[in-house]
Amino acid sequence: MNNIHCKFCELKSTAAKELNDCELEVLGENCAEVKFKPGDIIVKQDSFSTNVAYIKNGLVKIHIKGPIKEMIMRIVKAPAYLCLPSTFGDKTNHFSATALENTTVCFIDFDTFKNLIYANGDFAYQIMIDLSRGQLQSFHSCISNAQKHSIGKVADALLFFSEDIYQSSSFVLPVSRQDLGDMTGTTRESVSRILTDFHNEKLIELDGKKVSIKNPELLKQISLKG
DNA sequence: GCATTAACCACAG
DNA sequence: CTGTGGTTAATGC
């Protein structure tokens with residue numbers, strides 16, 4: 001098995017940039033790189049979480065099986081750490097992660113990762129920042145999910161893909177309508193209807209999964225008003 | 001009451 | 001997997 005050479009990795013995390021050559025060497029010796037295709041399950045809910053997972057490139061959805069139905073907690077774009085809450089928080093994974101695009105993941109040995117946190121404060125600090133941002137995002141999506149109307153939540157989702165994921169007003173949705181429903185806490189039917197409404201109102205251009213946002217201002221209004 | 005919103009169901013591409 | 005239509009329950013004016 002080939003060693004991974006983290007030192008020369010172009011896709012290091014902000015945290016990993018704080019590591020010195022020696023530490024990177026240790027990291028490389030204790031991690032495995034795996035490639036996933038769209039639809040592949042990267043981590044499965046309830047399985048043992050023995051590794052830290054770092055998404056080097058690609059796009060991943062994080063979803064939890066709820067009492068009634070599936071819920072998509074977040075869509076994560078590389079580069080990002082994936083399983084810190086699961087790895088540090090409990091023995092098992094509290095959520096599943098599924099690849100939406102071709103995705104490369106580095107699985108890092110937990111003890112190695114832990115040692116880096118003990119040894120390198122700058123590294124640990126960057127991880128803290130990462131986790132805190134995730135926490136803040138969760139708060140925001142929680143309140144938006146609880147208080148907005150479906151139309152606002154769908155507008156949110158479109159703006160999220162446009163601004164946060166693709167940085168473009170035109171993009172191809174990486175998820176199905178069902179997924180969009182699971183993301184926004186509505187149903188696939190509602191998503192379907194709202195999307196065609198947006199299209200008819202000339203807010204967006206819609207062709208299957210191809211979306212082009214024509215009136216971002218109004219879409220933001222809808223997102224804000226809920 | 002009446003209108004709106006959205007979930008649920010069913011059926012057709 | 002999607003889109004659409006009918007039905008129904010909840011909520012607001």
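The structure displayed is predicted, hence computed values, not measured ones. Naming: A, B, ... by sequence-line order, numbering from 1 per chain.
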Note to self: With a cut-off of less than 4.0 Å, is there a side-chain N or O of A:Ser190 near OP1 or OP2 of B:dA7?
What the structure shows: yes
Item checked: Distance, rounded to the nearest Å, where A:His199 contributes NE2 and C:dT2 contributes P -> 17 Å
Item checked: Shortest non-hydrogen contact between A:Asp90 and A:His94, atoms and distance -> OD2-NE2, 2.8 Å
Note to self: Checking contacts here: which listed nucleotide (C:dT2, B:dC8, C:dT4) is nearest the side-chain heavy atoms of A:Ser176?
What the structure shows: C:dT2
Note to self: If you compare every side-chain N and O of A:Ser192 against the phosphate oxygens of C:dT2 (OP1, OP2), does one of them come in below 4.0 Å?
What the structure shows: no
Notebook entry, point to check: What integer distance in Å separates A:Leu173:CG from C:dT2:P?
Noted result: 10 Å
Item checked: Distance flag, aromatic centroids of A:Phe113 and A:Phe123, threshold under 6.0 Å -> yes
Next item on the list: Check the distance between B:dT4's P and A:Ile194's CD1 and give it to me in whole angstrom.
Entry: 16 Å
Check: What is the distance, rounded to the nearest whole Å, between atom CZ of A:Arg177 and atom P of B:dA7?
Finding: 16 Å
Check: Does A:Arg193 make a side-chain N or O approach to OP1 or OP2 of B:dA6 shorter than 4.0 Å?
Finding: no
Next item on the list: Grab the CG-C1' distance between A:Asp197 and B:dT5 for me, whole Å please.
Entry: 12 Å
Next item on the list: Provide, to the nearest angstrom, the distance between the NZ atom belonging to A:Lys69 and the C1' atom belonging to B:dA6.
Entry: 11 Å
Item checked: Gap between atom CG of A:Asp156 and atom OG of A:Ser141 - 0.5 Å precision -> 9.5 Å
Next item on the list: Using atom CD1 of A:Ile151 as one end and atom P of B:dT5 as the other, report the distance to the nearest whole Å.
Entry: 8 Å
Margin query: Contact between A:Lys210 and A:Ser170 at the side-chain level, heavy atoms closer than 4.5 Å - yes or no?
Written below: no
Next item on the list: Confirm from the modelled atom types if A:Glu189 and B:dC8 form a donor-acceptor pair under 3.5 Å, side chain to base only.
Entry: no
Item checked: A:Arg188 CZ to B:dG13 C1', straight-line distance once rounded to whole Å -> 13 Å
Note to self: Just N and O in the side chain of A:Thr186: are any of them under 4.0 Å from OP1 or OP2 of B:dA6?
What the structure shows: no
Checklist line | Rounded distance [0.5 Å steps], CD1 in A:Ile213 versus CG in A:Leu206 | finding: 11.0 Å
Notebook entry, point to check: Counting just side-chain N and O atoms, does A:Lys209 come under 4.0 Å of either OP1 or OP2 of C:dC1?
Noted result: no
